[in-house]
Amino acid sequence: MTASTVILSLLLFFSCSLAEAVVPQPAKMEVSSAPPLHFPLSMQASGDEEGMRELRTASAMGFCPPLDKGAPCISLLYYNPWVYKGTSGGLPEGGYRLLVFADNNGMPRIQLRASSPSGFFYGIQTLTALLEEYKTDKGYLIPPLFIDDAPKYAWRGLHLDVSRHFFPKEDVEELIDAMALAKLNNLHLHLTDGPGWRLEIKKYPRLTDISAWRRDARKEEWNWRNTLLGPVQQEGEVYGGFYTQDDLRQLIAYAALRHIRIVPEIDLPGHSYAALFAYPALGCTDFDPQGNGLRGHDNLCMGNAESLTFVKDILTELMDIFPPGTPIHIGGDEVMPGCGQNCGLCRERMSALGISTTPELQAGFMKDIVLFLKDNGRESIAWDEAFETGLKGPIMMLWREEQKGVQASQGGTPVILTPSSHFYFDYYQGDPSKEPKAIGGHITLERVFDYTPLPDIANILGMQGNLWTEYIQSKRQLEYMAWPRGFALAEKAWGSPSTSFSDFRQRLAPYLKLFDKRNINYRTLDPNHDDHAQPVQP
C-alpha cells in the first residue's frame, strides 16, 4: 500500500474538523474517531536534509522534546516546489501536511511533509504542541489526525520598543523563541525615539555615546518630559544601552534560523529628541533641548539639507547590517503640526517648494527618504499619519482607526493592521487595581481574539501586536504583557478558521505548559473570565 493510499484510507475515519491543541488553529484539521495511537516517550525522526535541519533548530529552542533516539516513528519529507508545482504535492510557502496514522503493520507513525524550510519549521511547532498535549507517563496517546495548513497572511508581527526601556540581546532572543513557537514571523524593532537611541552608527558616535544613556528614573512615574539624556557620572544613576552592529547581525541570524525577520525602525522626522540631543544642529532654529524639545517639538529640521544627509548616512549603515529584502520602517508619526513655522530654514524650504504647511514639508522630506531606499532595493514602511501628508510609496502600518486604511489599500497600498483598539499589548489586561502598572486602555485576551478586520480594507499584508515600553521595564514584565495575548494575535495573523474563545483557551493549555518548562512568564488564565485573573507579578 502506498503512502497516498494510506492517507486516503485514513481520511475515511476523519468525520469532523476539530481544534486539537494547536495555536494558530490550522487551516484544515481532521481528527479520527478511532482509538488513539500509542507512541513511545523516546522517538526518532528521520527524513530529508531540509526537515532535519529545521528539527535541529526547533530542538535548540527548548520546546520540542528530543527526537533523536528510540523508535523510528517520525518522517520528515521534502516536496520540491518546482517539481511538484500544480500537483497534490505542491504546498505554499510556510505550508505543511501532518499525518498521524498506523502503518500496514499497525505501527504508529507521524509524517510531516513540506515544500519549504519554513513549512517544516511550522509543522514541527504544531507537532510540539500535540506531543505536549497528549503526553502521558507511558508515552504519547495521539488520535489519528490529518492537518493541511498554511498561513493566509505574510506579515505576522510583534513590535518591541527598546527606546523607552532597553532590552539586551539575550532578552530579545528569548522573545524570538516564544514568537517562533506561535508561528509569528516579523519582529519590528523600534530602535529610536525620544528617550533613547539604541543602534550603533559609526559615522555618528554621539548617538550612542550620549543618547543611549539617561538618568535612571525607573522608580518614578513615567514622564519622558523629565528625561535627562547623557552618561550621568554618579554611580548607579546611569541607565540604558544599545546594540552594536555586530549585536544586531547576531540577532538577525538567530531570528532567521527561526524564520523570523527583524525589521528595524528609525522613527523620523518626529520622535527624534535622542538624535537631536546628540546633534542639536539638526534641529529647527528654535529647538531647545530642555524646553520645547521635551514638549513634542522634536523633529529633525526638514528645511536643513544636513538632516537628509544624516538620515541617508544612517540608513546606509542600516542597510549594511540588515539583509537584502528587509524593509525599513521610517516612522512618520506624531509630528507636531506647527513644527517648522518658527524655523527660518523650514520657511525658506517651504517658500522654495511653493508650500506653506508642515505636513507638506514632511511629505517631501519623507518622499526623498522613500526614493533613497527604493533606489537601494528596499521597501519602506510608515505609520498611518504619514499618509495624511500625501506621502505615497511605503507600506502602511495602521494603528489608528481602520477606516484610514480603506482608501489607501484600495489604491494599492499594502496595509499591516496593528490597531490600538485590539493589538496594543502595553494596555491593561484586566482590572487595573489587580494588574501591574500600564499606560492605560483595556485589551483582554478575548478582545484580541475577537478582532476582525474591516472587509473594505482590500490589501492586507498582515497583522501585528505592539509592545510599547513606557511601563515595561523588565523581561518578566515584557513577557507578562505579551503572552498569552500574543497567541491570540498569532491566530488572527495566521488567518485561522473561526472558532470560539472557549475553544481557543483550551488550545492554549500545551503552550502555557511549554512556557512553564522554559520559565517564560505569562498572564495566567482564570477559569471564569480573564478580567478576574490574578496576575503573576513580573
Side-chain angles (χ1 to χ4, degrees), residues 21-24 26 41-47 49-70 74 76 94 96 98 110 112 114 116-135 140 147 149 151 156-158 160 167-187 189 247 249-262 465 467 475-476 478-480 482-484 486-487 489-491 493-494 507-522:
V22 182
V23 178
L41 287 173
S42 294
M43 292 189 286
Q44 182 178 350
S46 62
E49 178 182 351
E50 292 84 356
M52 297 305 292
R53 181 182 63 240
E54 299 305 320
L55 178 60
R56 287 192 293 271
T57 299
S59 297
M61 289 164 50
F63 298 117
C64 182
L67 298 174
D68 56 359
K69 60 183 178 180
I74 302 174
L76 307 177
Y96 65 93
L98 182 65
I110 297 171
L112 174 62
S116 64
S118 62
F120 272 122
F121 187 79
Y122 298 143
I124 292 167
Q125 305 317 310
T126 293
L127 177 59
T128 297
L130 291 172
L131 293 175
E132 182 64 34
E133 174 71 5
Y134 294 111
K135 185 177 181 180
Y140 302 97
I147 294 174
D149 195 18
R156 307 181 301 280
L158 198 63
L160 176 60
F167 293 87
K169 183 177 65 173
E170 296 76 16
D171 291 355
V172 180
E173 288 176 345
E174 290 200 25
L175 180 64
I176 287 169
D177 282 351
M179 289 176 61
L181 183 65
K183 304 185 180 81
L184 297 172
N185 70 342
N186 280 282
L187 174 59
L189 206 54
D247 285 338
R249 289 188 178 96
Q250 291 166 18
L251 275 174
I252 291 164
Y254 187 93
L257 285 173
R258 291 147 178 81
H259 299 278
I260 292 174
R261 179 176 59 180
I262 298 181
L467 286 157
K475 180 176 76 72
R476 296 287 288 174
L478 179 73
E479 293 167 344
Y480 178 85
W483 312 107
F487 285 109
L489 164 74
E491 183 125 324
W494 188 263
R507 288 187 282 116
L508 277 177
Y511 293 89
L512 301 185
K513 291 179 183 177
L514 290 167
F515 271 23
D516 289 338
K517 292 180 178 180
R518 276 283 309 269
N519 195 32
I520 296 174
N521 198 21
Y522 58 89

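Just so you know, these numbers use all the heavy atoms, side chains as well, and skip hydrogens, waters and symmetry mates.
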Between the main-chain N or O of Asn186 and the side-chain N or O of Arg261, is there a donor-acceptor pair closer than 3.5 Å? no

Does Met61 form a side-chain contact (heavy atoms from CB on, under 4.5 Å) with Thr128? I'd like the steps, not just the answer. CA-CA 11 Å; Met61 289 164 50; Thr128 297; over 6 Å; no

Thr57 side, atom OG1; Leu257 side, atom CG - distance, nearest 0.5 Å: 5.0 Å

Using the side-chain contact (heavy atoms from CB on, under 4.5 Å) rule, take Trp494 and Val23 through it: C-alpha gap first, then chi angles, then the decisive distance, then the call. CA-CA 9 Å; Trp494 188 263; Val23 178; over 6 Å; no

Answer yes or no: is there a side-chain heavy-atom contact under 4.5 Å between Asp516 and Tyr522? yes

Smallest heavy-atom separation, Pro510 atom then Ala129 atom, equals CB-O, 3.7 Å

When rounded to the nearest 0.5 Å, the distance separating CD of Glu54 from CD1 of Ile124 is 6.5 Å

Is Leu512 close to Trp483 at the side-chain level, that is, under 4.5 Å between some pair of heavy atoms? no

Where do Ala114 and Gly119 come nearest, in terms of heavy atoms and distance? CB-C, 3.6 Å

Near Glu170 CD, under 6.0 Å, is it more than 12 heavy atoms from other residues, nucleotides or ligands? yes

What's the separation between atom CG in Leu67 and atom CD1 in Ile74, rounded to the nearest 0.5 Å? 4.5 Å

Are the side chains of Phe63 and Glu132 in contact, using a 4.5 Å heavy-atom criterion? no

Please report the closest heavy-atom contact between Leu489 and Gly465, naming both atoms and the distance. CD2-N, 3.2 Å

Show me, pair by pair, the donor-acceptor contacts under 3.5 angstrom made by side chains of residues 171-181, not counting sequence neighbours?
from, atom 1, to, atom 2, distance (Å)
Glu174, OE1, Lys475, NZ, 3.3
Asp177, OD1, Tyr254, OH, 3.1
Asp177, OD1, Arg258, NE, 2.7
Asp177, OD2, Tyr254, OH, 3.0
Asp177, OD2, Arg518, NH1, 3.4
Asp177, OD2, Arg518, NH2, 3.4

Set of side chain to side chain donor-acceptor pair (under 3.5 Å) partners for Glu50, sequence neighbours left out: none

4.5 Å side-chain heavy-atom contact, Tyr511 and Val22: yes

Among residues at least two apart in sequence or on other chains, which ones pass ring pair (Phe, Tyr, Trp, His ring centres under 6.0 Å) with Tyr134? none

What distance do Phe121 atom CZ and Leu112 atom CG have between them, rounded to the nearest 0.5 Å? 12.5 Å

Shortest non-hydrogen contact between Ala182 and Pro24, atoms and distance: O-CD, 3.7 Å

Kindly compute the distance separating CZ (Phe167) from CG (Leu478), expressed to the nearest 0.5 Å. 4.5 Å

How far does CZ of Arg476 sit from CD1 of Ile520, to the nearest 0.5 angstrom? 9.5 Å

Check Asn521 against Tyr480 and note the closest heavy-atom contact, atom names and distance. ND2-CB, 3.6 Å

Would you call Leu184 and Ile260 a side-chain contact if the rule is heavy atoms closer than 4.5 Å? no

In short, Gln125 meets Ala58 closest at the heavy-atom pair NE2-CB, 3.8 Å

What verdict does the ring-ring contact (aromatic ring centres under 6.0 Å, His included) test give for Phe487 and Phe515, after you've listed the backbone C-alpha separation in whole Å, the side-chain angles of each residue and the deciding distance to 0.1 Å? CA-CA 12 Å; Phe487 285 109; Phe515 271 23; 5.4 Å; yes

I'd like to know if the side chain of Asn185 and the backbone of Arg156 have a donor-acceptor N/O pair within less than 3.5 Å. yes

Short side-chain to backbone donor-acceptor contact, Ser116 and Gly94, under 3.5 Å: yes

